[in-house]
Student: 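Sharing a structure below in structure tokens format, with a few things to ask.
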Amino acid sequence: VVDISTLPEVVQSNMSLIMDFKTNDRRLKIIEALLKAPNKEVKILSRENIIDYAKENKIYIDPTEGKKPNPKDPPIEKKEITYVGWVVKTKGIRELLKAWIELCNTDSNFKAWNLKIIGPINADFFTELKNEMLIPNNVIFTNKISHENVIFELLSSSVFILPSYTEGFPNAVLEAMSLGLPVLASKVGAIPEILGNDKFLIDVPIQSNEIYSKIKNIVSNENLKVIGEENRKTIITNYIDSIVCPKYERLWKNLLEKH
């Protein structure tokens with residue numbers, strides 16, 4: 001499946017066009033025409049011979065769209081850093097992209113890595129980003145995908161990152177940790193308490209040079225899987241339902257007894 005809804009001219013729409021054409025040349029011409037058409041979200045269900053075209057136009061090719069991930073299938077581990085959330089200014093996306101561009105420019109090892117940005121895209125902000133910087137081909141914007149497919153993508157990732165300016169108690173961090181991922185996240189809301197280690201916290205206001213350093217350090221860490229396993233144990237020990245619910249129950253009982 002090829003989803004070109006991440007492009008600014010096609011991002012905000014309720015209209016989908018589903019096509020499956022036999023002739024490759026004809027399909028490409030139709031894609032090119034639709035790229036110029038406003039207010040369209042397009043999905044093409046034939047993938048052969050259009051992968052290069054998709055990469056050139058920053059079109060996300062989602063291998064799981066249209067089918068449920070099979071839990072019995074082992075995920076393919078990729079060299080991938082994944083963000084999940086809205087693509088808006090307050091989530092630190094601009095700073096993350098600047099850091100990523102610098103990493104790719106200064107360290108050839110990062111050319112083998114992907115930065116995957118999962119979540120709904122604000123069209124105006126996305127246009128700003130494309131006008132400000134040349135986004136590398138190893139940055140993948142998925143736009144909104146199903147929660148099932150988010151989990152599937154996280155399972156094949158190496159690191160989770162959330163460089164947000166403001167958060168409360170982010171489920172995305174908990175989910176990434178529960179899946180055994182190392183996590184880099186900003187020092188806001190409950191995140192410092194959840195992560196419990198300054199090495200993996202990003203200061204606010206968010207600075208691209210700090211994201212650069214944090215990513216470089218964690219990727220070069222030989223104990224990446226150990227860090228992820230420690231995160232998983234933290235969730236099991238502190239944040240699963242069988243632990244959290246009795247705490248809430250005791251809290252409410254105490255409040256009722258006092259009043």
Side-chain angles (χ1 to χ4, degrees), residues 62-64 68-85 91-92 96-97 99-100 102-104 106-119 136 138-140 142 145-164 167 169-203 210-244:
D62 181 359
T64 65
K68 288 188 175 182
N70 186 347
K72 294 180 181 178
D73 291 340
I76 300 169
E77 190 173 343
K78 308 168 190 172
K79 288 185 174 181
E80 201 158 74
I81 295 174
T82 301
Y83 161 90
V84 177
K91 292 294 187 178
L96 175 57
L97 287 173
W100 187 258
E102 187 65 17
L103 283 163
C104 293
T106 58
D107 189 335
S108 59
N109 291 324
F110 278 93
K111 292 180 180 178
W113 283 72
N114 288 332
L115 172 62
K116 182 167 284 186
I117 298 176
I118 299 174
N138 60 354
V139 177
I140 302 168
T142 74
I145 60 176
S146 70
H147 182 257
E148 246 182 335
N149 284 336
V150 170
I151 298 302
F152 195 75
E153 294 290 352
L154 287 174
L155 282 169
S156 64
S157 299
S158 302
V159 177
F160 177 80
I161 189 164
L162 185 69
S164 181
E167 291 290 339
F169 194 81
N171 286 331
V173 168
L174 297 175
E175 287 178 340
M177 292 175 69
S178 71
L179 296 171
L181 282 179
V183 172
L184 294 174
S186 44
K187 199 183 290 186
V188 294
I191 292 174
E193 179 187 344
I194 297 168
L195 284 181
N197 192 326
D198 277 353
K199 285 194 304 183
F200 308 120
L201 292 172
I202 301 165
D203 288 326
E210 187 184 8
I211 297 175
Y212 171 98
S213 300
K214 295 284 186 180
I215 291 177
K216 194 159 189 176
N217 289 341
I218 200 167
V219 163
S220 61
N221 194 314
E222 294 179 357
N223 298 315
L224 205 56
K225 290 188 177 180
V226 175
I227 296 167
E229 182 57 27
E230 287 174 354
N231 281 345
R232 194 182 71 82
K233 288 177 182 176
T234 296
I235 298 300
I236 292 171
T237 306
N238 298 291
Y239 295 106
I240 60 173
D241 289 348
S242 60
I243 301 292
V244 174

Student: Look at the side chain of Asn197 and the backbone N and O of Lys199, then say whether any donor-acceptor pair between them is shorter than 3.5 Å.
Tutor: yes
Student: Once rounded to the nearest 0.5 Å, what's the spacing between atom CD1 of Ile240 and atom CG of Leu174?
Tutor: 12.5 Å
Student: Using the rule given for side chain to side chain contact (heavy atoms under 4.5 Å, CB included), can you reason through Ile145 versus Glu153, listing the C-alpha separation, both sets of side-chain angles and the distance that settles it, and then say yes or no?
Tutor: CA-CA 10 Å; Ile145 60 176; Glu153 294 290 352; 4.1 Å; yes
Student: Donor-acceptor pair, Asn217 side chain versus Ser213 backbone, under 3.5 Å?
Tutor: yes
Student: Distance check, rounded to the nearest 0.5 Å: Ile161 atom CD1 versus Leu96 atom CG?
Tutor: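 So the CD1 of Ile161 and the CG of Leu96 are separated by 5.0 Å.
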Student: If I compare all heavy atoms of Leu181 with all of Leu154, which pair ends up nearest, and what's the gap?
Tutor: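 Closest heavy-atom pair between Leu181 and Leu154: CD1-O, 3.5 Å.
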Student: With a 4.5 Å heavy-atom cut-off, do Leu195 and Met177 have their side chains touching?
Tutor: yes
Student: Give, for atom OG1 of Thr82 and atom CZ of Phe160, the distance between the pair rounded to the nearest 0.5 Å.
Tutor: 8.0 Å
Student: If I compare all heavy atoms of Ile227 with all of Pro182, which pair ends up nearest, and what's the gap?
Tutor: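 Scanning both residues, the minimum pair turns out to be CG2-CB, 3.9 Å.
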Student: Does the side chain of Ile81 come within less than 4.5 Å of Trp100's, by heavy atoms?
Tutor: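 A side-chain contact exists here, since the closest heavy-atom pair is under 4.5 Å.
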Student: To the nearest 0.5 Å, what is the distance between OG (Ser157) and OH (Tyr83)?
Tutor: 14.5 Å
Student: Does any N or O in the side chain of Asn114 come within less than 3.5 Å of the main-chain N or O of Glu80, such that one atom is a donor and the other an acceptor?
Tutor: no
Student: Is a side-chain N or O of Thr237 found less than 3.5 angstrom from the main chain of Thr234, in a donor-acceptor match?
Tutor: no
Student: Check whether any side-chain heavy atom of Ile215 lies under 4.5 Å from a side-chain heavy atom of Val159, and answer yes or no.
Tutor: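 Sidechains of Val159 and Ile215: no contact.
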Student: So, are Arg232 and Glu229 salt-bridged, with charged N and O less than 4.0 Å apart?
Tutor: yes
Student: Under a 4.5 Å cut-off applied to non-hydrogen side-chain atoms, are Ile194 and Phe169 in contact?
Tutor: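 Result yes, sub-4.5 Å side-chain heavy-atom pair found.
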Student: To the nearest 0.5 Å, tell me how far Lys79 NZ sits from Ser158 OG.
Tutor: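 So the NZ of Lys79 and the OG of Ser158 are separated by 8.5 Å.
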Student: Hey, what do you get for CG (Leu155) to CG (Leu179), rounding to the nearest 0.5 Å?
Tutor: 5.0 Å
Student: Is there a donor-acceptor pair under 3.5 Å between the side chain of Glu210 and the backbone N or O of Asp203?
Tutor: yes
Student: I'd like to check Glu167 versus Lys91 (side-chain heavy atoms, cut-off strictly below 4.5 Å). Are they in contact?
Tutor: yes
Student: Taking all non-hydrogen atoms of both residues, which atom of Ser186 and which atom of Ile191 are closest, and how far apart?
Tutor: O-CG2, 3.3 Å
Student: Checking the side chain of Lys214 only, and the main-chain atoms of Leu201 only, is there a donor and an acceptor separated by less than 3.5 Å?
Tutor: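 Side chain of Lys214 to backbone of Leu201: a pair is present.
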Student: Do Val183 and Phe200 have side chains that get closer than 4.5 Å, going by heavy atoms?
Tutor: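 The answer is no, as the side chains (C-beta and beyond) never meet within the 4.5 Å cut-off.
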Student: Ignoring hydrogens, what is the shortest heavy-atom contact between Ile235 and Ser178? Give both atom names and the distance.
Tutor: CG1-N, 3.7 Å
Student: If we only count heavy atoms from C-beta on, is the Leu115 to Asn138 side-chain gap below 4.5 Å?
Tutor: no
Student: Hey, are the side chains of Asn109 and Val219 touching, using non-hydrogen atoms and a 4.5 Å cut-off?
Tutor: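 With C-beta onward as the side chain, the pair stays apart.
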